[in-house]
Undergrad: 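I have a structure I would like to understand better, so I am pasting it below and will then ask my questions one at a time.
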Amino acid sequence: MRNVIVVGGGLAGLSALQRLRARGYEGGLTLVGAESHPPYDRPPLSKAVLAGDTEGIALPADWEALRCERRLGTRAEALRLHDDRPGGVLVTSDGPLPFDGLVIATGAMPVRLPGEGPQHVLRTLDDAERLRDSLHAGARVVLVGAGWIGAEVATAAVGKGCRVTVLEAGDAPLAGALGPELGALTAGWYAESGVELRCGVRVASVDPGGLTLADGSFLPADAVVTGVGVRPEVGWLAGSGLEVAGGVVVDGSLRTARPEVVAAGDCASWWSARYGRRLTAEHWDTALNAPDVAAAALLGQEALYDPVPYVWSEQFGRMVQYAGHHAAADRVVFRGTPDGPGWTALWLSGDRLHALLTVDRPRDMAQGRRLLARGTPVDVDLITDPRTALSGAVRRAAAPAG
């Protein structure tokens with residue numbers, strides 16, 4: 001393999017470049033990124049950048065050591081794979097680029113609501129800077145969606161003196177991620193911070209001056225922020241022959257059906273043997289770590305990507321972290337109480353831990369992630385005792401009779 005192109009100029013794309021070189025690839029390397037900015041860290045966009053601080057968000061990269069041609073401000077438009085040999089041509093806004101190997105790391109794009117009115121989304125640095133200019137004392141800001149991003153933007157907006165309303169179609173904040181019962185435990189945080197939260201409210205359209213709701217009423221707004229989810233940025237792969245279903249379909253090594261093409265990050269739908277299903281994850285942890293496996297696969301080395309999913313969020317003065325996949329759990333138990341300063345929720349089936357949510361309990365998360373990764377049986381009495389470290393809640397095998 002003499003010529004590899006990485007499509008996507010975010011954390012996943014940069015990580016792929018770095019891991020290819022670290023794993024011994026010495027051939028040509030090209031980064032194609034739609035944004036004109038060099039790779040930067042996205043979590044600060046909804047925090048420090050909205051607060052006015054853009055220092056330190058650039059991702060560290062030794063470009064001289066990477067020996068990489070950078071084509072920033074260049075969009076991928078189509079992919080043409082050779083029928084008779086490996087490789088193909090990446091069609092871009094700057095012209096065609098031939099390749100022997102391809103890493104797809106184009107991420108995801110925010111979903112927008114219908115309507116002719118202006119609406120902000122938050123995915124790029126340019127998005128964050130435009131939104132920041134709309135956040136000023138007294139501004140009526142309406143956020144649509146009380147998910148991870150919605151809560152973080154609401155935190156930033158109310159901190160700048162805005163009058164903030166959050167509209168959520170579900171029964172509770174984070175209902176899609178955590179379920180309505182757990183999500184409801186975060187609802188009080190909005191009121192405590194001076195944010196009006198309205199659940200069970202659907203938006204018909206974004207219009208000049210505000211939003212029209214599904215019941216026909218109109219809600220005035222100086223700024224509308226849409227945070228109702230993202231979709232993998234894979235439209236440019238239409239007609240390529242690669243399978244796309246909720247993302248680029250890849251195996252446990254992040255290979256497509258064409259071994260010279262791999263995918264990583266938000267745009268990949270990978271097979272998880274751990275959970276027996278395909279997973280996608282639009283989170284920083286995935287963008288950082290998946291490219292190492294993709295690089296190995298592209299170079300013909302053995303590696304599998306089967307992590308415990310993990311996401312974190314800073315909202316309303318709290319550090320909120322979630323790890324695992326709770327769909328198969330049959331009950332939830334708590335360490336501490338949700339009305340206390342810090343607590344943990346654990347999803348269990350029998351003595352198996354499926355997932356955990358921590359609020360200002362980082363030690364629980366660090367130890368819980370290790371339990372999840374190992375699939376270790378737990379002692380339910382110990383795991384619910386906040387005085388016992390999670391690492392000490394492992395179920396001990398019964399001593400042999402005798």
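Predicted model only: the values in this text are computed from it and were never measured.
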Undergrad: CZ of Arg23: more than 12 outside heavy atoms within 6.0 angstrom?
TA: yes
Undergrad: Between Asp207 and Ser205, which heavy-atom pair has the shortest distance, and what is it?
TA: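 Reported closest heavy-atom pair: OD2-OG, 2.9 Å.
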Undergrad: Is a side-chain donor-acceptor pair under 3.5 Å present for Tyr40 with Arg42?
TA: yes
Undergrad: Under the salt bridge (Lys or Arg N to Asp or Glu O under 4.0 Å) definition, can you give me all pairs with a residue in residues 187-206, not counting sequence neighbours?
TA: Glu192-Arg318
Undergrad: Between Glu77 and Arg75, is there a side-chain N and carboxylate O pair less than 4.0 Å apart?
TA: no
Undergrad: May I have the step-by-step check of side chain to side chain donor-acceptor pair (under 3.5 Å) for His136 and Asp222, ending in yes or no?
TA: CA-CA 10 Å; His136 53 81; Asp222 299 312; over 6 Å; no
Undergrad: Counting only heavy atoms not in Arg331 (residues, nucleotides, ligands), do more than 12 fall under 6.0 Å from its CZ?
TA: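 Result for CZ/Arg331: enclosed.
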Undergrad: Salt bridge between Asp379 and Arg395, side-chain N to carboxylate O under 4.0 Å?
TA: no
Undergrad: Just grab all the side chain to side chain donor-acceptor pair (under 3.5 Å) pairs involving residues 143-158, residues at least two apart or on different chains.
TA: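 Matches after skipping sequence neighbours: Ser46-Glu152, Lys47-Glu152, Glu152-Ser313.
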Undergrad: Could you give the side-chain donor-acceptor pairs of residues 303-310 under 3.5 Å, partners two or more places apart or in another chain?
TA:
unit_1 : atom_1 : unit_2 : atom_2 : d
Asp306 : OD1    : Ser272 : OG     : 2.6
Asp306 : OD2    : Ala273 : N      : 3.3
Asp306 : OD2    : Arg274 : N      : 2.7
Tyr310 : OH     : Gln321 : NE2    : 2.6

Undergrad: Glu243: which residues meet the side-chain contact (heavy atoms from CB on, under 4.5 Å) condition with it, sequence neighbours left out?
TA: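 side-chain contact (heavy atoms from CB on, under 4.5 Å) check on Glu243 returns Val249.
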Undergrad: Assess whether side chain to side chain donor-acceptor pair (under 3.5 Å) is satisfied between Ser349 and His354, documenting all intermediate values.
TA: CA-CA 7 Å; Ser349 291; His354 289 270; 3.1 Å; yes
Undergrad: For Ala12, check side-chain contact (heavy atoms from CB on, under 4.5 Å) against everything at least two apart and list the hits.
TA: Ala105, Ala287, Pro291
Undergrad: What pairs of residues pass the ring pair (Phe, Tyr, Trp, His ring centres under 6.0 Å) test when at least one of them lies in residues 274-293, not counting sequence neighbours?
TA: Tyr275-His325
Undergrad: Check Asp285 with Arg369, please: is the shortest side-chain N to carboxylate O separation under 4.0 Å?
TA: yes
Undergrad: Got a sec, which pairs hit salt bridge (Lys or Arg N to Asp or Glu O under 4.0 Å) with one end in residues 163-185, sequence neighbours left out?
TA: none
Undergrad: Once side-chain contact (heavy atoms from CB on, under 4.5 Å) is applied, do any residues pair with Met109, and if so which ones, sequence neighbours excluded?
TA: Glu233
Undergrad: Write out all pairs satisfying ring pair (Phe, Tyr, Trp, His ring centres under 6.0 Å) with one or both partners inside residues 55-112, taking only residues at least two apart or from two chains.
TA: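 Matches after skipping sequence neighbours: none remain.
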Undergrad: Can you list the residues that meet the side-chain contact (heavy atoms from CB on, under 4.5 Å) rule with Arg80, with sequence neighbours excluded?
TA: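 Only Val91 meet the side-chain contact (heavy atoms from CB on, under 4.5 Å) criterion with Arg80.
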Undergrad: Could I get the full list of salt bridge (charged side-chain N to carboxylate O under 4.0 Å, His left out) partners for Asp127, not counting sequence neighbours?
TA: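 So Asp127 forms a salt bridge (charged side-chain N to carboxylate O under 4.0 Å, His left out) with Arg130.
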Undergrad: Near Asp83 CG, under 6.0 Å, is it more than 12 heavy atoms from other residues, nucleotides or ligands?
TA: no
Undergrad: Could you go through Arg140 and Leu219, starting from their C-alpha distance and side-chain angles, then the distance that decides it, and tell me whether this counts as side chain to side chain contact (heavy atoms under 4.5 Å, CB included)?
TA: CA-CA 10 Å; Arg140 298 169 299 176; Leu219 180 62; over 6 Å; no
Undergrad: Flag the pair Leu346 / Leu353 as yes when at least one side-chain heavy-atom distance between them is below 4.5 Å, and no otherwise.
TA: yes
Undergrad: Does Arg231 have more than 12 heavy atoms from other residues, nucleotides or ligands lying within 6.0 Å of its CZ?
TA: no
Undergrad: Side-chain atoms of residues 333-345: list all donor-acceptor pairs with protein atoms under 3.5 Å, sequence neighbours left out, distances to 0.1 Å.
TA:
unit_1 : atom_1 : unit_2 : atom_2 : d
Arg335 : NE     : Asp364 : OD2    : 3.0
Arg335 : NH1    : Ile383 : O      : 2.9
Arg335 : NH1    : Asp385 : O      : 3.0
Arg335 : NH1    : Thr388 : O      : 3.0
Arg335 : NH2    : Asp364 : OD1    : 3.3
Arg335 : NH2    : Thr388 : O      : 2.7
Thr337 : OG1    : Asp339 : OD1    : 2.7
Trp343 : NE1    : Pro338 : O      : 3.2
Thr344 : OG1    : Asp364 : OD2    : 2.7

Undergrad: Does Asp100 pair with Arg85 as a salt bridge, N-O distance under 4.0 Å?
TA: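 Salt bridge between Asp100 and Arg85, a charged N being under 4.0 Å from a carboxylate O: no.
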